[in-house]
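Beneath this line is the structure, given in structure tokens, with notes to follow.
It should be emphasised that the depicted structure is a prediction, and the values quoted were computed from it without experimental measurement. Whatever order the structure lists ligands and atoms in, that order sets their numbers, starting from 1. Atom set for the values below is all heavy atoms of this structure, side chains included, hydrogens, waters and symmetry mates excluded.
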Amino acid sequence: MSCESWRGYRQMIWNETKECMSRDEMTNLQSARLRKLVDRVYHSVEYYRKKMQAVGLEPGDIRGIEDLERLPFTTKDDLRDTYPFGMFAVPNSQITRIHASSGTTGKSTVVGYTRKDIDVWSECVARCITMAGLGSNDIIQVAYGYGLFTGGLGAHYGAEEMGATVVPMSTGNTKKLVTMMVDFGVTGIMCTPSYLLHIAETIEEMGVKDKIKLKASINGAEPWTEKMRTQIERQLGIHAHDIYGLSEIMGPGVATDCQFHEGLHIHEDHFLPEIVDQNTLKPLRDGMTGELVISTLTKEGLPLIRYRTKDLTSLEHGPCECGRTTARIARFTGRTDDMLIIRGVNVFPSQVESVVLELPEFEPHYQLVVDRVNNLDTLQVQVEVREAFYSDEISQMMALKKRIADRLHSVLGIGADIRLMEPHSIERSEGKSKRVIDKRVLK
Ligand code: DLL
């Protein structure tokens with residue numbers, strides 16, 4: 001793609017990439033792509049073939065999206081059971097990139113992309129950047145983490161595809177980020193919303209607010225509120241946009257809100273959304289809140305049918321003032337499971353538990369305390385030391401602390417402040433134990 005102007009690119013996206021199709025056209029496209037998807041996974045992923053055979057389904061039984069409900073759901077557990085590559089639909093020689101996110105226990109959830117998947121991903125992120133009013137003349141700082149997390153590279157490829165100038169900052173050195181923001185005349189930033197608030201504070205501390213040229217931000221990877229979005233807009237004098245995505249489906253760029261902020265436009269030509277009741281798993285109508293389920297219509301490496309995201313939201317298929325006709329997802333209201341997002345990293349309490357249980361020096365009693373200090377998330381893990389290992393010897397306790405801190409860091413992917421607790425000091429519960437104290441209040 002050449003570096004067209006923003007207007008030119010937007011026109012091309014609207015004309016060629018299905019953001020403004022009629023509902024009938026979209027339904028036809030989705031039905032054709034769903035038929036192909038079902039046929040592909042049936043013939044190339046043993047796991048799906050068996051799942052479909054178990055309910056007596058043949059690929060030909062799925063005529064279009066009206067038959068979607070007949071297909072089985074896919075969950076994170078399915079990916080764990082087939083770890084690492086069991087659900088890939090192409091040979092490894094065709095996989096050009098791998099990313100991974102936290103699994104519910106020790107093992108990560110691994111996702112693979114073909115070259116075409118990376119192209120589609122980049123285009124989807126480019127569409128999101130367009131929705132935020134940024135284009136090929138912009139300088140965009142990517143301040144999501146680079147690496148196995150999809151945030152950094154996903155945003156980076158999308159911004160490059162858009163034709164923008166990309167500054168691959170990653171996270172960590174906020175003062176340097178602000179200095180570069182000023183020196184390079186950065187006009188767009190992609191990072192988590194809480195990190196952007198921290199950046200905003202640093203801008204004020206450094207006294208450079210009048211020197212920044214920032215126009216828009218694209219924030220996601222963690223829950224945030226409309227109030228926080230407007231606070232960011234006010235504090236920085238920019239337009240802030242919400243971007244949604246998850247590694248299993250692709251990464252960032254599944255959906256974003258346009259300038260009207262009336263929900264996030266989902267790229268329906270690639271991702272078929274449904275909302276189901278989290279208990280009955282029956283589909284819910286537009287406007288009703290339930291679990292978001294997505295089928296990847298075009299993914300080659302890891303195509304997923306009816307993937308249960310565990311994210312709670314609602315759908316709206318009505319027209320949007322911006323002219324796009326794609327369905328919109330409402331701002332997320334929570335999750336159906338206990339996954340925490342700490343500094344953009346997904347953390348399951350069960351991961352902490354698996355580490356505590358693996359180390360003989362500790363009792364299986366622990367608590368996670370999550371907080372937000374200066375807009376940065378903090379994680380404290382309190383864990384009880386076994387009587388036989390508890391000592392007044394400081395060096396011994398420091399060694400113990402380091403042992404669990406290192407192990408937790410390698411399993412969670414983020415550092416935690418470890419508090420070694422005396423035997424029997426963590427409150428025992430008679431019912432459901434309270435493993436997590438989340439002090440972050442989303443305003
Ligand atoms: O967080 C991908 C991403 C990167 C999205 C950068 C946006 C920006 P995972 O690490 O697999 O992928 O985490 C996915 O994060 O199921 C949601 O619970 C949560 N999440 C992502 N975006 C939003 C958002 C990336 N805009 C999980 N609002 C998802 C609320 C979000 N929650």
Side-chain angles (χ1 to χ4, degrees), residues 75-76 79-80 98-104 108-111 113 121 124-125 127-129 131-132 140-159 169-171 188-196 217-226 228-229 232 240-257 261 263-267 271 273 278 289 291-294 296 302 304 307-314 328-348 351 377 412-414 440 442:
T75 64
K76 213 175 179 77
L79 289 165
R80 194 188 58 198
I98 281 177
H99 281 283
S101 71
S102 304
T104 43
S108 303
T109 302
V110 181
V111 293
Y113 305 77
W121 185 9
C124 286
V125 174
R127 289 190 204 178
C128 296
I129 294 173
M131 274 195 245
I140 299 179
Q141 244 171 353
V142 175
Y144 289 114
Y146 279 65
L148 286 174
F149 175 53
T150 53
L153 284 170
H156 183 113
Y157 273 59
M169 266 328 294
S170 197
T171 52
I189 186 159
M190 301 174 80
C191 61
T192 60
S194 57
Y195 190 43
L196 188 53
S217 66
I218 306 175
N219 312 112
E222 65 185 11
W224 56 315
T225 57
E226 186 54 27
M228 189 160 158
R229 197 185 66 71
I232 288 176
H241 291 257
D242 192 359
I243 185 167
Y244 171 73
L246 62 166
S247 331
E248 296 89 321
I249 294 301
M250 180 175 80
V254 171
T256 294
D257 53 351
H261 306 292
L264 285 72
H265 288 274
I266 178 160
H267 304 306
F271 311 109
Q278 63 189 92
T289 299
E291 183 177 340
L292 175 66
V293 171
I294 300 178
T296 63
L302 180 63
L304 293 178
Y307 184 73
R308 291 184 58 187
T309 66
K310 308 268 180 174
D311 290 316
L312 290 168
T313 181
S314 61
R328 282 165 291 148
I329 302 171
R331 188 175 279 282
F332 292 90
T333 53
R335 287 184 56 89
T336 63
D337 64 6
D338 57 356
M339 186 178 94
L340 297 158
I341 303 180
I342 303 173
R343 277 174 259 142
V345 176
N346 303 346
V347 172
F348 289 93
Q351 292 176 291
D377 293 340
L412 302 180
I414 52 166
R440 293 173 296 184
L442 288 185

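Heavy atoms only, all atoms of each residue included: Ala221 and Thr192 are closest at CB-CG2, 4.1 Å. Contact record, Pro193 with Gly220: CD-O, 3.5 Å, taken as the closest heavy-atom pair. Contact record, Ser101 with Asn346: CB-ND2, 4.4 Å, taken as the closest heavy-atom pair. Scanning both residues, His99 and Leu153, for their nearest heavy atoms gives CE1-CD1, 3.8 Å.
Annotation: the span from Thr256 atom OG1 to Ile329 atom CD1 amounts to 9.5 Å, rounded to 0.5 Å.
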Test side chain to side chain contact (heavy atoms under 4.5 Å, CB included) applied to Thr313 and Tyr244, step by step: CA-CA 12 Å; Thr313 181; Tyr244 171 73; over 6 Å; no

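Both the backbone and the side chain of Tyr244 come within contact range of ligand 1, each with a heavy atom under 4.0 Å. At a heavy-atom cutoff of 4.0 Å, ligand 1 is contacted by no atom of Thr192, backbone or side chain. Contacts between Glu222 and ligand 1 below 4.0 angstrom, taking non-hydrogen atoms only, involve the backbone exclusively. Within the 4.0 Å heavy-atom criterion, the part of Asp242 lying near ligand 1 is the side chain and not the backbone.
Counting heavy atoms only, Ile243 comes closest to atom 26 (N) of ligand 1 of the residues Val345, Ile243, Val125, Val111. Comparing Gly152, Pro252, Gly344 by heavy-atom distance to atom 6 (C) of ligand 1, the nearest is Pro252.
Considering only non-hydrogen protein atoms, atom 13 (O) of ligand 1 sits nearest to Asn346 ND2, 3.1 Å. Considering only non-hydrogen protein atoms, atom 19 (C) of ligand 1 sits nearest to Ile341 CD1, 3.4 Å. Closest to atom 7 (C) of ligand 1, if we only count protein heavy atoms, is Ala221 N, 3.2 Å. Among all non-hydrogen protein atoms, the one lying nearest atom 11 (O) of ligand 1 is Ser247 OG, 2.5 Å. In terms of protein heavy-atom proximity, atom 25 (C) of ligand 1 is nearest to Gly245 O, 3.6 Å. Among all protein heavy atoms, the one lying closest to atom 27 (C) of ligand 1 is Met339 CE, 4.0 Å. The single protein non-hydrogen atom nearest to atom 16 (O) of ligand 1 is Asp311 OD2, 2.6 Å, given as residue, atom name and distance.
For ligand 1 and Phe332, the ligand atoms under 4.0 Å from any heavy atom of the residue are 28 (N), 30 (C). Here is the list of ligand 1 atoms found below 4.0 Å of a heavy atom in Gly151: 4 (C), 6 (C).
Taking Ser194 as the reference, Glu222 meet the side chain to side chain donor-acceptor pair (under 3.5 Å) condition, with sequence neighbours excluded. Residues forming a side chain to side chain donor-acceptor pair (under 3.5 Å) with Tyr146 (at least two apart in sequence, or on another chain): His156.
Remark: ligand 1 and Phe149 share no N or O pair separated by less than 3.5 Å (distance only, no angle test). Inclusion of Arg335 in the set of residues having an N or O under 3.5 Å from an N or O of ligand 1 is warranted.
Comment: Asp242 does not engage Arg229 in a salt bridge, judged by the lack of any side-chain N to carboxylate O separation of less than 4.0 angstrom.
Residue Leu292 is tested with Phe332, Tyr307, Phe271 for a side chain to side chain contact (heavy atoms under 4.5 Å, CB included); the sole match is Phe332. With Thr309 as the partner, the side chain to side chain contact (heavy atoms under 4.5 Å, CB included) test is satisfied by one option alone out of Val254, Val293, Ile294, Thr75: Ile294.
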